[in-house]
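In each ligand, atom 1 is the first atom listed, and ligand 1 is the first ligand listed.
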Amino acid sequence: MLMDKEKFIAGLNGLDSNNKDVICLYNEISALAMRCGTAEAEKPAARNAYYLSMEFLIGRSFYNNLLELGVLEETAEILAKKGIDISVFEEIEDAALGNGGLGRLAACFLDSAAGLGLPLHGYGIRYRYGLFKQAFKNGFQTELPDDWQRFGDPWSVRREDEKRTVSFADMSVTAVPYDMPVFGKRTNRLRLWQAEGSDEAEKISEYLYPADDTEDGKILRLRQEYFFSAASVGELLDKHVKAHGRNFEAFARYNAIQLNDTHPVLAIAELVRLLTADYKVDFAAALEIAKKTFSYTNHTVLPEALECWNGDIIKKILPDIYALLVKIHLKQKEELLAIGCAEKEIAEMAVCAYNCFSMANLALYVCKTVNGVARLHTEILKDSLFKTAYCYFPEKFTNKTNGITQRRWLMLCNKELSALIDKAIGTGWRSDISELGKLCGKTAGLADGFAEVKAEKKRQLFDYIKARDGVEIPRNFLVYAQVKRLHEYKRQLMTAFAILEIYNGLKDGSIKDFAPSVFIFGAKSASGYRRAKAVIKFINEIAVKINADAQTNGLLRVVFVCNYNVSYAEKIVAGSDVSLQVSTAGLEASGTGNMKLMMNGAVTCGTMDGANIEIVERAGAENNYIFGATVEDIERLKKEGYKPLEYLERPAHARAVNALVDGSFSDGGTGGFKELYDSLTVGAGWHAADNYFVLYDLESYVDALLKINADYKDRRVFAIKQLENVANSAYFSSDRTIKEYAEDIWEI
Ligand code: 26Q
């Protein structure tokens, strides 16, 4: 531990808390931790890895940093003596510099690397506003700016002395670094660049994901991507020259750069540009250096998320980069011809086609490795999305199943379960997560203790929901949770239909002996994503109706929590019984919420998709609830011609789905519900009817939910199932994932 603990404790004891408000205390204690935590100089490492990511979804730093520094408990005790409950800092911060799985994964990776003592540093953007704050107005999502720094940002240090210039055709922008320490066995660094210099410049780091449906929006996004990629690569190259002179062949010996999806892929072109323009390295040699330096992670197979940049836009904003991309494209073509690729194959793999530059193809061509984020996902990359590239360059492809940090997602968010584990197997698991496996074989004996812990975490969660969202949930309710970004492929709409079927069944008496249950949703929708927003409204309407129905509200409730974020997630994952992971098979690259819930003892109710497959493989099919079409089924259905209307013939389905359009619920005249209905029955946009196979999977989904409900009646047996999930969750620690990256890709 790098912390000067005594100095911190002395400082804390000496802290005068009289007449200071929470924000003032928060800033003072954080500053003290920063001074003591970074007292010892960072250990230099010969070889470093860098994680370039457009998103870092950090969440709260306060508790996490104190935990990592080993002073959380003592801080709580000292503050208690001063009459301060440490939980008063809960609502102060939640840095949402990301919007979902990809950003949270980046944060978990930094945490694990520091925890393991591996030199991995992050580079990203210091957005002025994070992911919007969600509000509900009459059940509709509205977006408010997230001024995440309003109470200060004590965990960042502005490094005026290390600012740089990033040039565009029409302007120069100053990139000012803000460093956040990542505490652990060693202190690593997350460096976030802030754009300054003019109003136009500042726009670059103003918002996370500005709307890109206009040309100006697209240009801004391109500027963002280039801005942080260029600042980061430029700095690494400068550092290299300082330390090793112009020995550029050695660059890849000291630096491994991981590209988090295609967003930072222009870093490749920038490195080549700097080497050739500033240091007169020959183009082919520069490209070779890039080929040894970069690796690429893919996080999605959805076609709309695969970035292609129009050549005219690149040319206008980044003419030198444009010229280089063309050169790289031609070089690629030459190489592919030389190894005997057919014209068609070259077209599929080309960096540029019809004046569109494919960031994925650029990454596939240059990067040393390409990885998917769960076994199935990597197989899909190899068999479908990147099939041709895999055929010629199979050695590049590797799987790295995602993970989550157990420090935030178990020790911090579930102290009670952590204490139970300590009692059962000792505390060794806290420093070596693989020891969690020692719980196997002890689950029966721990069932009652676990049930008590779960009941307590539920109580805490329900209190929080009551205070935040005003919805009351009785103590003994079974908790089903679906928390993740709102997207059609994740199928929150399918859960809505399932709830309606259960509700109708309870009312007409066809469902009997139902264990009282609540469905908890948490999700933000992209602000321009109309159908996703209609789903939020639909679920909120359902919640109002069901929660007010005195005939059933002793058995069934629904809540869509507002402004779901990392801090809310910490409470929901600890207090849930059932993890709903119901994406259309083949579309969820991995999922990581599934892992958080598993580690806290929720059983998975899900499809054979993403990491669900590996979760069930480890925790046992008998302890989880798998339903629905497999990837193969979906392929077959597509080939045969899927006819969703056939599935609407079942009266229960028809009734649930018709609720969108039969006047049961109002969408306030927006037409949103009709649009959802049409997307299922006739198709929407370029999509076929029921593009995500909601109607196909609905029946088996309802069955699975009811089976869980029936199984829950034997609390002991159910608690054992839940504990089996905890006991087998060590594999899903990002410590394991990071070790694999470090060994197989970064060689650090
Ligand atoms: C693309 C083009 C233009 C604008 C934005 C984007 C864009 C932005 C964000 C595309 C994708 C994302 C984010 C993707 C993401 O979060 N993917 C999730 O990554 C997790 C970590 O690997 C997986 O667990 C999830 O399955 C995957 O959905």
Side-chain angles (χ1 to χ4, degrees), residues 51 53-57 96-109 124-125 127 131 207-214 217-225 258-266 296-310 313 356-360 363 371-378 380-381 399-405 409 483-491 523-529 569 579 581-598 606-607 609-615 732 734 737-738 741:
Y51 203 78
S53 177
M54 197 85 173
E55 301 186 21
F56 285 92
L57 192 41
L97 309 184
N99 78 87
L102 167 151
R104 185 53 231 176
L105 185 75
C108 282
F109 279 5
I125 299 177
Y127 301 101
L131 182 62
Y207 288 105
L208 169 79
Y209 296 120
D212 62 356
D213 47 357
T214 61
K218 286 193 176 65
I219 289 176
L220 182 54
R221 168 128 183 124
L222 179 66
R223 286 194 205 275
Q224 289 188 320
E225 295 190 356
Q258 191 71 35
L259 303 171
N260 199 23
D261 217 289
T262 53
H263 320 148
V265 165
L266 288 174
Y296 158 62
T297 305
N298 172 280
H299 295 269
T300 176
V301 299
L302 295 185
E304 56 268 38
L306 291 178
E307 292 187 298
C308 280
W309 288 112
N310 177 289
I313 291 188
C356 269
F357 289 80
S358 156
M359 294 298 111
N371 74 282
V373 290
R375 195 172 64 216
L376 172 70
H377 172 230
T378 301
I380 292 173
L381 295 184
N399 176 244
K400 292 286 165 276
T401 297
N402 281 166
I404 53 153
T405 169
W409 297 110
V483 287
K484 49 190 71 256
R485 283 176 301 144
L486 213 131
H487 202 291
E488 286 166 286
Y489 85 83
K490 295 179 186 278
R491 301 198 291 190
K524 289 180 183 176
S525 157
S527 72
Y529 191 171
S579 160
Q581 308 297 339
V582 303
S583 51
T584 314
L587 297 185
E588 188 68 273
S590 162
T592 47
N594 48 3
M595 302 171 184
K596 292 161 199 164
L597 283 149
M598 175 204 198
T607 49
D609 198 17
N612 296 352
I613 296 172
E614 292 161 76
I615 287 178
F732 301 100
S734 44
T737 314
I738 279 296
Y741 275 92

Exercise for review: To the nearest 0.5 angstrom, please state how far the CD1 atom of I219 sits from the OG1 atom of T214.
Suggested key: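 Here the interatomic distance stands at 8.5 Å.
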**Study point:** Separation between OH of Y296 and CE of M359, rounded to the nearest 0.5 Å
**Key:**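 Here the interatomic distance stands at 11.0 Å.
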Check your understanding: Heavy-atom distance under 4.5 Å between the side chains of N594 and E588, does that happen here?
Key ->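 Answer no - side chains too far apart.
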Review point. Would you call V373 and N298 a side-chain contact if the rule is heavy atoms closer than 4.5 Å?
Key: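 A side-chain contact under 4.5 Å is absent here.
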Point to revise | Residue shell around ligand 1, heavy atom under 4.0 angstrom | key: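 Those residues closer than 4.0 Å to ligand 1 by some heavy atom are E55, G101, L102, L105, Y209, D212, R221, H263, H299, A305, E307, V373, N402, R485, Y489, E588, A589, S590, G591, T592.
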Practice item. Mind running side chain to side chain donor-acceptor pair (under 3.5 Å) on S583 and D609 for me, showing each step along the way? Key: CA-CA 7 Å; S583 51; D609 198 17; 2.6 Å; yes
Exercise for review: Answer yes if the side chains of N371 and T297 hold a donor-acceptor pair under 3.5 Å, and no otherwise.
Suggested key: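 Yes, a side-chain donor-acceptor pair sits under 3.5 Å.
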